[in-house]
Amino acid sequence: MSLEGKLALVTGSGRGIGRATALKLASEGADIIVNFFRHREAAEKTAKDIEALGVKAEVIRANIGDPAKIDDMFNTIATKFGHLDILINNAASGVGRPIMDIDAKAWDWTMDINAKAALLCSQRAAKLMEGRGGKIISVSSLGSFLVLPTYTIVGVSKAALEALTRYLAIEFAPKNICVNTVAASAVETEALKFYIKEGLIKDSRQATPAGRMVLPEDVANVIAFLCSEEAFMIRGQTIIVDGGTSVGLSALIGGGTD
Ligand SMILES: NC(=O)c1ccc[n+]([C@@H]2O[C@H](COP(=O)([O-])OP(=O)(O)OC[C@H]3O[C@@H](n4cnc5c(N)ncnc54)[C@H](OP(=O)(O)O)[C@@H]3O)[C@@H](O)[C@H]2O)c1
């Protein structure tokens, strides 16, 4: 697999899965645009680590929950580079609440960042991919089809993201753009530490059939594969990276395998 000469935008790539994905794509030869919102230092560290791999990195601040900021980000990319080959819709946020405590503001905040931004970024990316084709990969979670405590809005936003993936895959196929999603179970990141601390998720190390938790790099590896020409015939799919959690009943009910 080589992504040499490709230009990739990874939203939310200062930390976590986004950072791991940016580094993986860079290690395959792609130049990377590192998007961040609140943590500039982390984004600049990611950019530095990318450059150490011998490719170029550009850092762009944009709150992808704000359509005007998405436009600003893509205007900058259009002016500076004039094209884009890969878009990774990774950045996400969310309000964790029981259903009766969900209000319109929490719903809109979560849906804007996790679902609407993927549509708006994909539309702008498709224009920059015109005449050269491209890859659009989004990052989802098992909460799109499994029910997790207080995860309602995020789960619904991820279900929307996966449905959007299918529609984009068909409508963008004539533009030679491959669209897919990677859905992970609990991944060892800052976000997960928050969920474990709040008691919303158990430490699922022993309950994962593969024997360890999913790492950001596990997700990044599958994203990178979907960005390669080897994955050309995979379209509109949600590929699950969970070490077997979603098909192992013992994992779901919290038991081990022995
Ligand atoms: N961790 C898990 O267990 C898990 C499991 C399944 C799926 N996922 C999915 O994987 C993706 C990455 O999650 P993660 O765990 O790596 O998250 P994380 O460590 O919490 O990082 C979130 C990233 O998103 C960025 N971000 C948040 N809101 C943003 C906004 N409005 N505009 C631009 N960037 C924004 C953050 O940037 P700043 O820091 O600069 O604000 C940060 O880089 C998400 O789509 C998440 O739903 C995670």
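Read the numbers this way: they start at 1 and go in the same order the structure lists the ligands and their atoms. Both backbone and side-chain heavy atoms feed into the values below; hydrogens, waters and symmetry mates do not.
The heavy atom nearest to atom 27 (C) of ligand 1, considering only Ala117, Ala92, Gly12, is found in Ala92. Across the listed options Thr189, Thr21, Thr181, Thr189 owns the non-hydrogen atom lying nearest to atom 14 (P) of ligand 1.
Of the protein's heavy atoms, Ala184 O, 3.2 Å lies nearest to atom 6 (C) of ligand 1. The nearest heavy-atom contact from the protein to atom 17 (O) of ligand 1 is Ala191 CB, 4.0 Å. Among protein heavy atoms, the minimum distance from atom 37 (O) of ligand 1 is reached at Phe37 N, 3.9 Å. Scanning all protein heavy atoms for the shortest distance to atom 39 (O) of ligand 1 gives His39 ND1, 2.7 Å. Nearest protein neighbour of atom 22 (C) of ligand 1, counting heavy atoms only, is Arg15 NH2, 4.0 Å. Looking only at protein heavy atoms, the nearest one to atom 9 (C) of ligand 1 is Val139 CG1, 3.7 Å. Looking only at heavy atoms of the protein, atom 32 (N) of ligand 1 is closest to Ile64 N, 3.0 Å.
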TODO: Apply the test side-chain contact (heavy atoms from CB on, under 4.5 Å) to residues Ile239 and Asn180: give CA-CA distance (whole Å), side-chain angles for both, the deciding distance (0.1 Å), then the verdict.
DONE: CA-CA 8 Å; Ile239 310 292; Asn180 289 290; 5.6 Å; no

Open item on the list: side-chain hydrogen bond (donor to acceptor under 3.5 Å, both in side chains) for Asn75 and Arg124? Distances and angles first, verdict last.
Closed with: CA-CA 9 Å; Asn75 289 342; Arg124 290 296 308 261; 2.8 Å; yes

- [ ] Starting from the C-alpha separation in whole Å, work towards a yes-or-no answer on salt bridge (Lys or Arg N to Asp or Glu O under 4.0 Å) for Arg212 and Asp218.
- [x] CA-CA 11 Å; Arg212 65 163 173 83; Asp218 295 314; 2.7 Å; yes

- [ ] Give the C-alpha distance, both sets of side-chain angles, the deciding distance and a yes or no for side-chain contact (heavy atoms from CB on, under 4.5 Å) between Phe172 and Ile136.
- [x] CA-CA 10 Å; Phe172 283 5; Ile136 297 176; 3.9 Å; yes

- [ ] Check the pair Val182, Ile137 against side-chain contact (heavy atoms from CB on, under 4.5 Å), reporting the backbone distance first and the verdict last.
- [x] CA-CA 7 Å; Val182 176; Ile137 315 296; 4.1 Å; yes

- [ ] Determine, step by step, whether Ile88 and Ile223 satisfy the side-chain contact (heavy atoms from CB on, under 4.5 Å) criterion, reporting the C-alpha distance in whole Å, the side-chain angles of both residues, the deciding distance to 0.1 Å, and the verdict.
- [x] CA-CA 8 Å; Ile88 310 296; Ile223 292 174; 3.6 Å; yes

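At least one heavy atom of Ala62 sits closer than 4.0 Å to an atom of ligand 1. Contact between Gly143 and ligand 1 is absent, with no heavy atom of the residue lying under 4.0 Å from the ligand. The closest approach between any non-hydrogen atom of Asn90 and ligand 1 is below 4.0 Å. The shortest separation from a heavy atom of Lys158 to ligand 1 is under 4.0 Å, placing the residue in contact.
Note: no N/O pair closer than 3.5 Å links Ser93 and ligand 1 by distance alone. For a threshold of 3.5 Å applied to N or O pairs, the pair formed by Ile17 and ligand 1 contains at least one separation below that value. Considering backbone and side-chain atoms together, Val187 places an N or O closer than 3.5 Å to an N or O of ligand 1.
The main-chain N or O of Gly12 is found under 3.5 Å from a side-chain atom of Asn35 such that the two form a donor-acceptor pair. No donor-acceptor pair under 3.5 Å is formed between the side chain of Ser157 and the backbone N or O of Asn114. A donor-acceptor pair is defined here as one N or O able to donate and one able to accept, closer than 3.5 Å; such a pair exists between the side chain of Asp242 and the backbone of Ser246. Of the possible donor and acceptor atoms, one in the side chain of Thr110 sits under 3.5 Å from a partner among the backbone N and O of Val95. Proximity of a side-chain donor or acceptor of Thr46 to a complementary backbone N or O of Ser13 within less than 3.5 Å is detected. Using a distance-only test at 3.5 Å, with no hydrogens or angles considered, a donor-acceptor pair links the side chain of Asp85 to the main chain of Leu7. With Arg235 contributing its side chain and Phe232 its backbone, the two residues share a donor-acceptor pair below 3.5 Å.
Close approach to Asn35 involves these atoms of ligand 1, each under 4.0 Å from a residue heavy atom: 33 (C), 34 (N). Against a heavy-atom cut-off of under 4.0 Å, Arg38 is close to the following atoms of ligand 1: 38 (P), 40 (O), 41 (O). For ligand 1 and Ser140, the ligand atoms under 4.0 Å from any heavy atom of the residue are 6 (C), 7 (C). When each atom of ligand 1 is checked for a heavy atom of Gly16 under 4.0 Å away, the hits are 16 (O), 19 (O). Contact atoms of ligand 1 toward Ala186: 3 (O) (distance under 4.0 Å to a heavy atom of the residue). Listed by atom number, the atoms of ligand 1 under 4.0 Å from Phe36 heavy atoms are 40 (O). When each atom of ligand 1 is checked for a heavy atom of Ala91 under 4.0 Å away, the hits are 24 (O), 25 (C), 26 (N), 34 (N), 35 (C). Remark: ligand 1 atoms within the under-4.0 Å shell around heavy atoms of Asn63 are 30 (C), 31 (N), 32 (N).
With respect to the salt-bridge test (charged N to carboxylate O, under 4.0 angstrom), the residues Arg166 and Glu171 do not qualify.
Heavy atoms of Ser185 found under 4.0 angstrom from ligand 1 belong exclusively to the backbone.
Using a 4.5 Å cut-off between side-chain heavy atoms of Ile, Leu, Val, Met, Phe, Trp and Tyr, with links allowed through other members, Ile33 and Ile86 fall into different hydrophobic clusters.
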